[in-house]
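Note that the structure is a prediction, hence the values are computed from the model and not measured. Below, all heavy atoms of this structure are taken into account, side chains as well, without hydrogens, waters or symmetry copies.
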Amino acid sequence: MGLVMWLRTGLLMAILTGLLMGIGYLFGGPSWALMMFLFSLVFNFITYWYSDRIVLSWYNARLVDEAEAPELYAIVRNLAERAGFPMPRIAIIPTETPNAFATGRNPKHAVVAVTTGLLRILNRDELEGVLGHELTHIKNRDMLIGTFAAAMAGAIIQLAYWARWIAIFGGFGDDRDGDNIIVAILIAILAPIAAMLIQAAVSRSREFLADEGGARLSGKPQALASALMKIEQAVRYRPMREGNPATAHMFIINPFRGVSIANLFSTHPPTEARIERLRKIAEEMGIYF
């Protein structure tokens, strides 16, 4: 698992670094490509060591102790013991949109984040299913590659936004303004597409695996299926209005539907397909719903 994780992470870093270098080359030639390469090295280093802080800060998430969230701590501790790894830290995101994600560079430095909306609408069994899903991501070491994808894709999308403004207000200040405007428009269109396709490739199969792991870890596949339905329905009516759309793949359900160009690309399998798989897993466990 460790070797595969490092290979996947290394490949993703190489692809996203290449994208940034390509964008830099289109902006200003070889010198900009080199600058983007150096930027990527620094960015990758910072993302590795501070991935949890970066993502949590995007959502104003607050780390809580056991005294503040005793039931939440009890559930996570029990699931972590079953999974066989250290108790992760717990954070709460102040939003009524129900959702959850895991972040951190490894199981020893992991954080499970849940929204206030999730705690409000789910019962204990459903919450166990969702937390089992997130702890499976931790066990499978999906958080590191997911956070790299979020951070790097976010950087690419930000460059695309800058390119739009350059295209609107014109040029880079030299006599190639016409060509540069065309390049800026191409970057503005293609960079978010490339970033989101990478996110989709990273996350879709991992969600099925995390669903199965969460169902077996909690022993409650039917509760996880019920939680997915509740979250899906809630997101339709109350999608997140703040945060970074480049992190959509980190959540158990994409929380940004209808909010950003990023959501033109599915970062998760269809919820119906996930629930159907959970039904089959439940039957294998001798549970019917």
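Considering only residues two or more places apart in sequence or on other chains, Glu81 meets the side chain to side chain donor-acceptor pair (under 3.5 Å) condition with none of them. Applying the side chain to side chain contact (heavy atoms under 4.5 Å, CB included) rule to Met87 yields the partners Tyr73, Val76, Arg77, Ile90; only residues at least two apart in sequence or on another chain are considered. Looking at residues two or more places apart in sequence or on another chain, you find a side chain to side chain contact (heavy atoms under 4.5 Å, CB included) between Asn78 and Arg82. Taking Ala227 as the reference, Leu122, Glu126, Val130 meet the side chain to side chain contact (heavy atoms under 4.5 Å, CB included) condition, with sequence neighbours excluded. Residues passing the salt bridge (Lys or Arg N to Asp or Glu O under 4.0 Å) test with Glu272, sequence neighbours excluded: none. With sequence neighbours excluded, the residues forming a side chain to side chain donor-acceptor pair (under 3.5 Å) with Asp52 are Arg89, listed by chain and number.
Within the 4.5 Å cutoff, the side chain of Ile46 has heavy atoms near those of the Ile54 side chain. Under the 4.5 Å side-chain criterion, counting only non-hydrogen atoms from C-beta, Glu276 is not in contact with Arg274. Looking at Ile138 and Pro88, their side chains come closer than 4.5 Å, going by heavy atoms from C-beta outward. When side chains are defined from C-beta on, Arg216 counts as touching Glu284, because their heavy atoms get closer than 4.5 Å. Using a 4.5 Å cut-off on side-chain heavy atoms (C-beta onward), Thr95 and Met240 make contact. Taking 4.5 Å as the limit, some side-chain heavy atom of Leu278 sits within range of a side-chain heavy atom of Leu228. In this structure the side chain of Val112 reaches within 4.5 angstrom of the side chain of Leu131, judged on heavy atoms. Between Glu242 and Tyr59, the closest side-chain pair of non-hydrogen atoms is not below 4.5 Å.
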Begin from the C-alpha positions of Ile92 and Leu119 and carry the test side chain to side chain contact (heavy atoms under 4.5 Å, CB included) through to its verdict.
-> CA-CA 9 Å; Ile92 294 180; Leu119 298 175; 4.1 Å; yes

When you look at Glu232 and Arg236, which way does the salt bridge (Lys or Arg N to Asp or Glu O under 4.0 Å) test go after all the steps?
-> CA-CA 6 Å; Glu232 170 82 15; Arg236 288 179 184 175; 3.5 Å; yes

Is there a side chain to side chain contact (heavy atoms under 4.5 Å, CB included) between Thr115 and Thr97 once you walk through the steps?
-> CA-CA 7 Å; Thr115 68; Thr97 303; 5.7 Å; no

Give the C-alpha distance, both sets of side-chain angles, the deciding distance and a yes or no for side chain to side chain contact (heavy atoms under 4.5 Å, CB included) between Lys220 and Gln222.
-> CA-CA 5 Å; Lys220 299 170 181 176; Gln222 76 282 20; 4.2 Å; yes

So Thr136 and Asp211, side chain to side chain contact (heavy atoms under 4.5 Å, CB included) or not? Walk me through it.
-> CA-CA 8 Å; Thr136 300; Asp211 284 343; over 6 Å; no

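Atom-to-atom distance recorded for Met21:CE and Leu38:CG is 9.0 Å, nearest 0.5 angstrom. To the nearest 0.5 Å, atoms OG (Ser226) and CG (Asp125) are separated by 9.5 Å. The OH atom of Tyr50 sits 13.5 Å away from atom OG of Ser57, with the distance rounded to the nearest 0.5 Å. Asn254 contributes atom CG, which lies 11.0 Å from atom NE2 of His249 (distance to the nearest 0.5 angstrom). Between atom OG1 of residue Thr116 and atom CG of residue Asn99 there is a gap of 11.5 Å, rounded to the nearest 0.5 Å. Expressed to the nearest 0.5 Å, how far CG of Leu127 lies from CG of Leu224 amounts to 11.0 Å.
The aromatic rings of Phe101 and Phe251 stand perpendicular to each other, their planes meeting at an angle above 60°, with 30° marking the opposite boundary.
Here the options are Arg141, His133, Glu134, the test is side chain to side chain donor-acceptor pair (under 3.5 Å), and the partner is His137; only His133 passes.
Under a hydrophobic-cluster definition in which Ile, Leu, Val, Met, Phe, Trp and Tyr are linked whenever side-chain heavy atoms come within less than 4.5 Å, directly or via other members, Val235 and Tyr237 are assigned to different clusters. Under a hydrophobic clustering in which Ile, Leu, Val, Met, Phe, Trp and Tyr are joined whenever their side-chain heavy atoms come within less than 4.5 Å, directly or via other members, Tyr25 and Phe39 fall into different clusters.
Taking both residues in full, the closest heavy atoms of Pro269 and Glu207 are given as CD-CB, 3.7 Å, listed atom of the first, atom of the second, then distance. Nearest heavy atoms, Val64 versus Ala69: CG2-CB, 4.2 Å. Across all non-hydrogen atoms, the minimal contact from Leu56 to Ala113 is CD2-CB, 4.1 Å. Of all heavy-atom pairs spanning Ala83 and Phe85, the tightest one is CB-CE2, 3.2 Å. Of all the heavy atoms in Arg206 and Asp142, the pair that sits closest is NE-OD1, 3.0 Å. When all heavy atoms of Pro98 and Ile231 are compared, the pair lying nearest together is O-CG2, 3.3 Å.
A cation-pi contact, defined as under 6.0 Å to the ring centre and within 45° of the axis, links Arg277 to Phe208.
The pair Glu96-Arg238 does not count as a salt bridge, with every side-chain nitrogen at least 4.0 angstrom from each carboxylate oxygen. Between Arg279 and Glu283 no salt bridge is recorded (no basic side-chain N to carboxylate O distance below 4.0 Å).
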